[in-house]
S.K.: 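Structure incoming, see below.
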Amino acid sequence: MPTVAVAVRGLCKQFEKRERSPGLSGLLRSWVHPQVSQVDAVKDVSFSMEEGESLAFIGPNGAGKSTTIKILTGIMHPTRGEATVLGLVPWKERARVALNIATVFGQRSQLWYHLPAGETFDLLARIYEVPAAEYRARRAELVERFELGPLLGSAVRKLSLGERMRCEIAASLLHRPRVLFLDEPTIGLDVIAKQQIRELVRELNQKEGVSVLLTSHDAGDVERLCKRVVVVNHGSIMFDDRVSTLRRRYLKRKVIDLHLRDPEALALLPALPGVEVLKASGIGLKLEVDTETQPIEQAMAKLMAVLPIADVTVQDPPMEEIIAQLYRERRASTASEAAK
Amino acid sequence: MNSPGALLRFFTATLKANAQSALEYRASLISQAVGMFISNGMWLVFFSAYFGRFALPGVGLDQLVCVWAFASGAFGLAGVLFGNAGQLAGVITRGELDVYLALPKPVLLHVVSSRMRLVSVGDVVFAFISFALIRPTLLDWLLYLGCIACGAVVVVSFYVLTGSLAFWLGAADNGATQLNNALANFSTYPSPIFRGASRVLVHFVIPAGFVVGVPTELLRAPAWQLALEEVGAAAVLVALAVAVFHLGLKRYTSGNLIAMRE
């Protein structure tokens, strides 16, 4: 029976926000009569993650993702609610939790800027009290897997961002954590570096059974690393299900790429409700189909009936678009609720 | 996990990493250390000239040398071993405690010990050379080492207290720096200069008295009572600093600045 890696129930975190009118007079007034309001960064969030699972925790900027991760890693105290990581309360048993987890912040380094990464590895082994022989073996394994050999001797400041992130993740795995928290691990990386990081994390999840809780604005990270996704916005959970369900539920458009036999045939294209021409040039034709208005099989049948088609591909819109649509819908419904 | 032995091993490893990080820039290390050495020397010459002209009872050249030996010794040791303590307010304000909180070691010890101030190396060298100038006995050396260790604890604890203000005040970097500078300034004057209210101030508000005043008196006339005062003050201050820091930690709000460990 799988054990629970992370359990969160009714988690809330409020921050104080000082408000003031604009300008110097507003500033001076706020000195005499400070107006402080409470902002909900995390509002009644509940979810759980089993050991060995890979879960994406996503949402727009300011949604409360990083705050939740910081509470789960013992960095911040919640205002209310309960949370356990491997059965321990992070803000009460921070050091014990830290021994069994690893946290990688894309925008915050745990490597010493002026030292070679290898020196930080040695220091981290001391911090986690990894026995010397075990450390040597683990380090050698990670160096090989992450292809760090040529990088270990260079000062961190001289590494590229992608190289540094590989070192960051390897450094976080020296003590064999059971849960890995990744906060935007691919931010600022190029396509190749992103692919490398994703491959390595996926391999860790599958081969070592490390549970992965990922936050990212990159839909590619979500698709390639995680089976389940929790979407959070304004501090509350909006969606918690499999990535494939997210696709199905919010996938209302498909893109059809057609290759015609005859460039003149473009003139035969019928006007179909719910079908929009994205691009037409020579023998190439790109259409977007609103599947609620025009089911894809019907659209295809109608097109094939009138057009001489040499080749066809049907694609889902990118994951990014699905997530953007989800955020937009929620924003619109929140606005209409507020108006009522 | 965090037994005294484990903490000592961790502290030694951090110190080694700090030293390696500092040695990465040899020219910078040497120039800063030499610069601090010269600066301390200039101040000592200036103070000698000043007190030579405006004589203060009980303050001779030997005592001035002692003051600077104790002050630069305590501040130097604090900077070499716990060089990040003076940056604590900024670390808190910029949300840089995250990295330390995510690791399984005591946060306060980790954050204050994670940097070595290069200029402090010059302070320590200056301190030992200037103390040697007064031709100390073995007992004097032992007292001196004990006092600069206590003084360093006082300095670091005071830095932690001023830095922890950031948990309540937000951007407290400048305020903390002013208070830290006040401690350094008060620590460069001989104790007979402080009387009445100013004597209370340098013992209970800006504890320079325990960095320089009590140690110089102890060296002049060793007494158990003074030694206990010095050790007691260091113990009380460190306990207070740890308590205030951990109280503030509950209010820590992190941040989203991009940051690297130096």
Side-chain angles (χ1 to χ4, degrees), chain A residues 13-16 18 41 61-62 66-67 69-78 90-91 93-116 119-129 155-157 164 168 172 175 177 181 183-184 187-188, chain B residues 1-3 5-26 28-29 91 94-107 109-110 113-116 118 167-170 246-262:
Chain A
K13 177 71 185 177
Q14 289 184 322
F15 288 112
E16 273 187 4
R18 289 181 180 274
N61 287 328
S66 294
T67 305
I69 285 207
K70 283 173 184 175
I71 292 171
L72 291 177
T73 50
I75 290 172
M76 281 203 285
H77 289 239
W91 56 95
E93 297 159 282
R94 185 191 61 80
R96 285 182 66 199
V97 170
L99 261 185
N100 293 294
I101 66 166
T103 314
V104 177
F105 297 104
Q107 302 195 51
R108 205 153 272 173
S109 179
Q110 62 174 325
L111 302 171
W112 291 51
Y113 189 59
H114 300 297
L115 287 183
E119 307 279 357
T120 305
F121 283 18
D122 295 345
L123 182 61
L124 286 170
R126 283 273 183 204
I127 288 174
Y128 286 103
E129 293 176 31
V156 169
R157 67 178 186 278
R164 203 198 84 203
E168 291 277 357
S172 71
H175 62 292
F181 291 93
D183 192 357
E184 300 191 34
I187 193 163
Chain B
M1 172 70 206
N2 284 331
S3 62
L7 287 181
L8 190 64
R9 282 194 297 277
F10 156 69
F11 181 66
T12 324
T14 309
L15 205 60
K16 189 178 149 202
N18 287 337
Q20 283 171 322
S21 184
L23 288 169
E24 278 284 313
Y25 300 94
R26 221 174 359 172
S28 176
L29 170 69
V91 169
R94 292 188 296 271
E96 289 170 12
L97 279 183
D98 292 13
V99 171
Y100 306 99
L101 281 160
L103 295 171
K105 286 290 170 215
V107 188
L109 177 67
H110 197 170
S113 65
S114 68
R115 182 196 298 254
M116 180 183 284
L118 300 181
F167 287 124
W168 286 273
L169 304 180
H246 282 97
L247 194 66
L249 201 54
K250 291 181 182 164
R251 298 173 54 89
Y252 179 58
T253 53
S254 186
N256 57 7
L257 278 181
I258 298 170
M260 295 288 299
R261 291 187 72 170
E262 290 181 31

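Convention: sequence-line order gives letters A, B, ...; per-chain numbering from 1.
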S.K.: Please examine the side chains of B:K16 and A:D122, heavy atoms only from C-beta on, and report whether any two atoms are closer than 4.5 Å.
M.R.: no
S.K.: Testing the basics here: between B:P104 and A:A98, what is the closest heavy-atom pair and its distance to 0.1 Å?
M.R.: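 For B:P104 and A:A98, the tightest heavy-atom pair comes out as N-CB, 3.7 Å.
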S.K.: Rounded to the nearest 0.5 Å, what separation is found between the CZ atom of A:F15 and the CZ atom of B:R251?
M.R.: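 Nearest 0.5 Å value for the CZ-CZ distance: 12.0 Å.
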S.K.: Need one label for A:T103: side chain, backbone, both or neither, based on atoms under 4.5 Å from any heavy atom in chain B.
M.R.: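 Answer is side chain: those atoms of A:T103 sit under 4.5 Å from chain B.
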S.K.: Shortest non-hydrogen contact from B:L103 to A:R94?
M.R.: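 Nearest pair, atom of B:L103 first, then A:R94: O-NH1, 2.7 Å.
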S.K.: With sequence neighbours excluded, what pairs up with B:A17 under the side chain to side chain contact (heavy atoms under 4.5 Å, CB included) test?
M.R.: A:W112, A:L115, A:L123
S.K.: In terms of heavy-atom pairs under 4.5 Å, which option from B:V107, B:L97, B:L101 contacts chain A the most?
M.R.: B:L101
S.K.: Can you sort out the partners of A:N100 under side-chain hydrogen bond (donor to acceptor under 3.5 Å, both in side chains), two or more places apart, ordered by chain and number?
M.R.: none
S.K.: Hey, could you give me the CD1/CZ distance between A:I127 and B:R9, rounded to the nearest 0.5 Å?
M.R.: 13.5 Å
S.K.: Out of curiosity, B:S28 OG to A:H114 NE2, how far, rounded to the nearest 0.5 Å?
M.R.: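 Between B:S28 OG and A:H114 NE2, I get 9.0 Å after rounding to 0.5 Å.
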